[in-house]
Amino acid sequence: MTGTAPLAVVTGVASGIGRAVAKRLAADGWSVLGLDIAAPPADTPLVRMIRADLATVAGIDDAMAQLAGVTASAFVHAAGIMRADNAETDADAGVALWTLHVGAAHRLSRALTPGMPDGRGRVVFLSSRAAQGRPGRGYYAASKAALDGLARSLAGEHVARGITVNVVAPAATDTPQLRDPARADAPVRPLPFGRVIRPEEVAATVAFLTSVDAGAITGQTITQCGGASLVASQPERSPK
């Protein structure tokens with residue numbers, strides 16, 4: 001790794017939020033080691049890239065082997081896929097979603113946290129507002145909701161060392177996955193503030209949680225939803 005810049009390990013760097021996180025952390029002075037099943041664009045600012053399919057146990061094993069000896073100050077798990085429930089593929093989809101969203105988060109964070117510096121180690125998981133429940137997305141919602149419990153469990157394990165573990169849960173974000181034909185039966189709901197969220201906005205939240213200034217925040221889930229969480233609390237207006 002180059003220079004004295006702290007190292008951040010970021011999954012899902014090939015596109016979307018993961019790539020935005022890699023670019024933001026690099027701009028903030030981090031060295032970034034990326035993990036993804038696909039290669040990122042050439043201009044993604046990485047000091048090293050590991051290719052692995054984190055939706056499989058074998059892929060996680062491969063990533064773990066390639067991370068042996070790596071000392072990181074931060075781990076951001078942004079890799080994810082969205083799949084609507086489908087009776088024909090439920091078993092395979094459920095396993096893949098759980099393995100990628102929860103299994104990879106758990107195993108990689110447990111591999112990296114022992115080497116993180118006391119008082120400065122940071123772990124951030126990318127969840128989704130859909131973790132609160134969405135019709136037709138049971139497996140996806142459940143696998144993302146599990147990150148809350150995982151983060152709080154790990155936060156409790158490492159709080160005495162000053163290592164923080166948090167979750168960022170964005171609503172609809174402008175990524176290639178939002179336009180994936182595989183989610184055609186799970187259309188995007190418009191957000192109250194009039195647009196979808198930009199990946200860079202989510203990356204900015206992640207960047208803060210990995211900063212020195214966020215040392216007192218741990219075991220928390222930050223919902224970044226463009227006002228979607230406010231809708232249910234708004235009083236209904238009587239027709240004029």
Side-chain angles (χ1 to χ4, degrees), residues 1-56 59-82 96 99-101 104-105 107-109 111-112 115-116 120-128 144 147 166-170 172-183 196-211 214 222 224:
M1 307 308 167
T2 58
T4 59
L7 178 69
V9 175
V10 182
T11 69
V13 296
S15 65
I17 292 173
R19 183 165 183 259
V21 168
K23 294 175 72 174
R24 174 58 188 262
L25 292 184
D28 287 352
W30 291 82
S31 293
V32 180
L33 185 159
L35 287 88
D36 209 312
I37 190 173
D43 62 347
T44 307
L46 305 176
V47 296
R48 181 181 166 193
M49 178 67 195
I50 292 175
R51 297 278 296 274
D53 182 1
L54 299 180
T56 68
I60 298 174
D61 289 342
D62 183 23
M64 297 271 285
Q66 294 188 66
L67 283 170
V70 169
T71 299
S73 294
F75 170 54
V76 180
H77 185 48
I81 53 175
M82 206 299 292
T99 302
L100 176 58
H101 296 156
R107 291 187 62 195
L108 294 175
S109 61
L112 292 168
M116 288 183 178
R120 189 63 186 91
R122 301 287 186 264
V123 177
V124 182
F125 301 142
L126 267 297
S127 179
S128 167
K144 287 295 191 179
L147 290 174
N166 293 290
V167 179
V168 177
T173 304
D174 187 14
T175 68
Q177 196 168 162
L178 203 66
R179 298 174 289 279
D180 185 348
R183 61 171 295 159
V196 295
I197 297 164
R198 296 191 301 272
E200 293 78 14
E201 293 174 310
V202 182
T205 303
V206 173
F208 172 70
L209 290 174
T210 61
S211 72
I222 297 176
Q224 192 165 350

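Residue numbers count from 1 along this sequence. Since this is a predicted model, take the numbers as computed values, not measurements.
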Colleague: So, for A5 and S31, which heavy atoms are closest and what is the spacing to 0.1 Å?
Modeller: CB-OG, 3.5 Å

Colleague: Pick out which of V124, L67, V9 makes a side-chain contact (heavy atoms from CB on, under 4.5 Å) with F75.
Modeller: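 It is V9, the one option of V124, L67, V9 that forms the side-chain contact (heavy atoms from CB on, under 4.5 Å) with F75.
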
Colleague: Please identify each residue that fulfils side-chain hydrogen bond (donor to acceptor under 3.5 Å, both in side chains) with T205, with sequence neighbours left out.
Modeller: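 Checked T205 against side-chain hydrogen bond (donor to acceptor under 3.5 Å, both in side chains); matches are Q224.
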
Colleague: Are the side chain of T11 and the backbone N or O of A79 linked by a donor-acceptor pair below 3.5 Å?
Modeller: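 Confirmed, T11 side chain pairs with A79 backbone.
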
Colleague: Considering non-hydrogen atoms only, spot the tightest contact between A63 and I50 and give its length.
Modeller: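 Minimum heavy-atom separation between A63 and I50: CA-CG2, 4.5 Å.
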
Colleague: Show, in sequence, the C-alpha distance, side-chain angles and deciding distance for V47 and L7, and conclude whether the side-chain contact (heavy atoms from CB on, under 4.5 Å) test is met.
Modeller: CA-CA 9 Å; V47 296; L7 178 69; 4.2 Å; yes

Colleague: Where is the tightest heavy-atom contact between H101 and L147, given as atom of each residue plus distance?
Modeller: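 Looks like O-CD2, 3.1 Å.
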
Colleague: Provide the closest heavy-atom pair for D28 versus A207 in the form atom of the first, atom of the second, distance.
Modeller: OD2-CB, 3.6 Å

Colleague: For residues R19 and V13, report the shortest heavy-atom separation together with the two atoms involved.
Modeller: CB-O, 3.3 Å

Colleague: From R122 CZ over to F208 CZ, what is the distance, rounded to the nearest 0.5 angstrom?
Modeller: 9.5 Å

Colleague: Ignoring hydrogens and geometry beyond distance, is a side-chain donor-acceptor pair present between R120 and S73 at under 3.5 Å?
Modeller: no

Colleague: Before you tell me yes or no, could you show the steps for M49 and T44 under side-chain contact (heavy atoms from CB on, under 4.5 Å), namely the whole-Å CA-CA distance, both residues' side-chain angles and the distance that decides it to 0.1 Å?
Modeller: CA-CA 10 Å; M49 178 67 195; T44 307; over 6 Å; no

Colleague: Kindly determine whether N166 and I222 satisfy side-chain contact (heavy atoms from CB on, under 4.5 Å), including the steps that lead there.
Modeller: CA-CA 8 Å; N166 293 290; I222 297 176; over 6 Å; no

Colleague: Minimum heavy-atom separation for L54 to G59, with atom names?
Modeller: CD2-O, 4.2 Å

Colleague: What distance do L35 atom CG and R48 atom CZ have between them, rounded to the nearest 0.5 Å?
Modeller: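 It comes to 8.5 Å.
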
Colleague: Donor-acceptor check, side chain of T99 to backbone of A96, threshold 3.5 angstrom: yes or no?
Modeller: no

Colleague: Tell me whether R51 contacts the main-chain N or O of I37 through its side chain, where contact means a donor paired with an acceptor under 3.5 Å.
Modeller: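 At least one qualifying donor-acceptor pair exists.
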
Colleague: Would a 4.5 Å heavy-atom cut-off, applied to side chains only, mark V76 and L209 as touching?
Modeller: no

Colleague: I'd like to know if the side chain of H77 reaches the main chain of L100, judged simply by a donor and an acceptor atom lying under 3.5 Å from each other, with no hydrogens or angles considered.
Modeller: yes

Colleague: Rounded to the nearest 0.5 Å, how far apart are CG of D61 and CD of Q66?
Modeller: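 So the CG of D61 and the CD of Q66 are separated by 11.5 Å.
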
Colleague: Quick check: do P45 and L25 have side-chain heavy atoms less than 4.5 Å from each other?
Modeller: no

